[in-house]
Amino acid sequence: MPLPDERGYFGSFGGRYVPETLMPALEELTAAYQEARRDPSFWQELEYYLQQYVGRPSPLYFARRLSEYCRGARIYLKREDLNHTGAHKINNTIGQILLARRMGKKRIIAETGAGQHGVATATAAALFGMECAVYMGEEDMARQALNVFRMRILGATVVGVTAGSRTLKDAMNEAMRDWVTNVDTTYYLIGSVAGPHPYPVMVRDFQRVIGVETRRQVQEQTGRLPDVIVACVGGGSNAMGIFHPFLEDREVKLVGVEAAGCGLETGKHAATLNRGRPGILHGSKSYVLQDEDGQINLAHSISAGLDYPGVGPEHSYLKETGRVVYTAVTDGEALEAFQLLCRTEGIIPALESAHALAQAVRMAGEMPQDAIIVVNLSGRGDKDVQTVARALGGEG
Amino acid sequence: MKGNRITQRFSALAQEGKKGLITYITAGDPDLDTTARLVETMIEAGADLVEVGIPFSDPVADGPVIQQASARALANGVRVKDIIRMCAGIRQKSTGVPLILMTYYNPVFQYGLENFARDAARAGVDGLIVPDLPFEESEELLGHTDRYGLALIPLVAPTTTEKRLAAMAPAVRGFVYCVSVTGVTGAREEIHTDLAKFMQKVRRHIQLPCAIGFGIAGPAQAAAVAPYCDAMVVGSAIVDLVARAGTGDPAPAVASLVREIKCAIEKCA
């Protein structure tokens with residue numbers, strides 16, 4: 001049976017848990033997406049922008065020096081960091097902007113944690129001449145000043161959120177409030193495979209291009225499918241994008257990597273699938289970090305992009321079915337992997353992606369030399385260099 | 001549903017030809033003793049039904065006033081089970097006034113749907129409002145609330161289509177909460193929605209009483225809204241008075257606002 005079902009459920013996860021004001025808008029969006037999905041001209045237009053503007057396909061790069069360092073499996077990097085604006089987020093924003101335009105919407109809102117989705121949204125809005133407001137927690141604005149500046153240059157309004165933890169969770173609350181208020185004119189461009197139906201399936205469909213390309217590229221370069229694919233999971237869109245075209249290939253092991261922050265036992269982490277339990281947050285039923293009363297816990301990660309107490313519902317489903325294994329990597333391990341990639345390959349990865357890299361390095365040493373690991377290098381690390389410098393005591 | 005206090009209260013109001021006043025307060029802001037006292041104050045001042053909010057960490061349907069009240073209550077460590085116990089205490093003192101709990105779905109889900117319905121009903125709670133639970137997702141909870149005689153009260157919005165109203169009509173219990181604006185809770189200077197048209201649309205599909213809420217700041221707006229509904233909900237304006245009182249006693253200000261609004265809708269002035 002194709003997932004999700006018509007109510008937006010992946011097994012027992014997903015659905016639509018939003019104020020009634022938004023339900024007609026979600027119905028409208030679902031209908032518009034179903035219609036666009038069946039329209040070849042929609043995909044042709046998307047493909048045009050992905051090739052000519054985003055720069056797809058992104059390379060699948062054999063990281064020879066990194067692999068030699070690990071003394072084990074061959075590690076390949078899917079270079080989403082080379083996309084225009086520096087991350088996988090642009091695949092989805094171009095897709096959704098084209099849809100918003102079909103729906104006749106003139107104003108776009110978004111929420112952002114690390115700022116990559118905000119920059120990608122501001123970029124796509126500029127490209128199509130739409131008004132754009134991006135909600136961002138003030139804590140994240142401080143951590144990601146470079147991306148705040150980029151969004152403003154691109155013509156977007158960045159709205160600082162002072163409520164709660166001042167991070168992605170609160171930015172998402174504020175974006176939903178804006179949408180409830182301006183639902184007639186406004187398109188809410190969600191950046192991950194989270195939120196109410198149809199966002200999880202729609203964002204996954206727009207990010208599948210990562211996995212589709214990887215599949216072709218790895219076969220061209222090695223003559224076979226990889227043994228392992230590793231991707232980081234905050235909300236989970238880059239992971240869903242690269243995993244999805246491999247779900248039926250049982251011989252390919254899929255590993256999602258969450259942020260263990262200061263350590264899973266410290267309570268200061270963002271490892272929703274490892275340490276959370278099913279609940280309802282931001283419009284869908286999925287794993288959530290929460291207390292006994294169902295109050296949402298604060299997440300912690302050195303990476304603003306992973307610092308989220310929820311996760312996309314399809315990941316919850318893939319966890320429960322056992323198809324994907326979800327591990328966690330600490331701030332310290334991610335920082336080590338960050339430096340390792342810089343020095344062995346001359347690539348500065350996003351801290352999000354460094355979590356996936358750390359897991360790959362962990363696994364590679366225990367695998368034979370003819371084994372193949374693909375790491376989704378979901379974004380570049382320019383935005384994170386100050387965070388890394390602070391963490392390393394100003395030396396980097 | 002058996003002779004629920006909500007149904008009885010609306011029948012009594014209809015017989016007297018009066019409009020009902022539903023007042024909202026966030027439980028645990030600043031503490032549960034104050035909340036219990038304020039509920040009694042509001043009842044004495046003329047509230048016909050009282051809505052008690054269980055705070056949630058991520059209240060996406062609420063504006064800043066209730067959002068901040070929720071944050072204060074949670075910072076004070078208020079727990080769901082303590083709020084239900086507080087309701088039982090209020091019920092012992094005030095027999096006739098319907099009590100309604102308002103909260104988001106996750107606290108109810110974590111408490112356990114059946115446990116929540118059972119414990120709330122046993123505490124003397126009459127109704128439940130869950131703003132992030134549209135009727136498509138409410139079937140399971142409705143099974144439990146119906147079993148324990150708790151009315152699961154739905155919200156409808158100006159954006160709600162006729163098709164949706166028709167589909168949800170069989171699942172409406174107690175009354176229907178009509179959101180007067182597209183937006184979040186909070187007092188507003190003006191309500192731009194065409195209430196006459198909106199309420200006509202709702203009443204074409206739903207025969208139960210209609211309450212209007214969101215944005216009613218004071219007596220003048222209450223009087224303006226009254227002709228279109230059977231009852232109205234005043235929330236943020238009251239919660240704001242609690243916040244303004246700080247460490248002082250908010251009861252006098254709350255009592256006087258409730259009396260003024262009650263007076264305005266009964267045209268007693």
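All of these numbers come straight from a predicted model, not from anything done at the bench.
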Contact origin within A:Val18 toward chain B - heavy atom pairs under 4.5 Å: backbone
Proximity breakdown for B:Pro107 and chain A, heavy-atom pairs closer than 4.5 Å: both
Part of B:Tyr111 within contact of chain A (heavy atom distance under 4.5 Å): neither
Tell me if a side-chain donor or acceptor on [X] pairs with a main-chain N or O of [Y] at a distance below 3.5 Å.
| X | Y | value |
| --- | --- | --- |
| A:Thr21 | B:Ala157 | no |
| B:Asn106 | A:Gly279 | no |
| A:Arg177 | B:Pro59 | yes |
| A:Gln295 | B:Asp58 | no |
| A:Asn173 | B:Val60 | no |

Name the option with the most non-hydrogen atom pairs under 4.5 Å to chain A; the candidates are [options].
| options | result |
| --- | --- |
| B:Asp62, B:Ile54, B:Thr161 | B:Asp62 |
| B:Val156, B:Val181, B:Thr160, B:Val179 | B:Thr160 |
| B:Val108, B:Val130, B:Leu155 | B:Leu155 |

Residues from residues 68-81 of chain B approaching chain A under 4.5 Å (heavy atoms): B:Leu74, B:Val78, B:Arg79, B:Val80
Electrostatic pair A:Glu27-B:Arg164, nearest N-O below 4.0 angstrom: yes
Check [X] against [Y] and note the closest heavy-atom contact, atom names and distance.
| X | Y | answer |
| --- | --- | --- |
| A:Ile296 | B:Phe56 | CG1-CZ, 4.0 Å |
| B:Phe109 | A:Pro278 | CE2-O, 3.6 Å |
| B:Glu137 | A:Arg16 | OE2-N, 2.8 Å |

Straight-line distance of B:Leu133 CG to A:Glu20 CD, nearest 0.5 Å: 11.0 Å
Heavy-atom neighbours of A:Lys268 NZ exceed 12 at 6.0 Å: no
Heavy-atom neighbours of A:Gln34 CD exceed 12 at 6.0 Å: yes
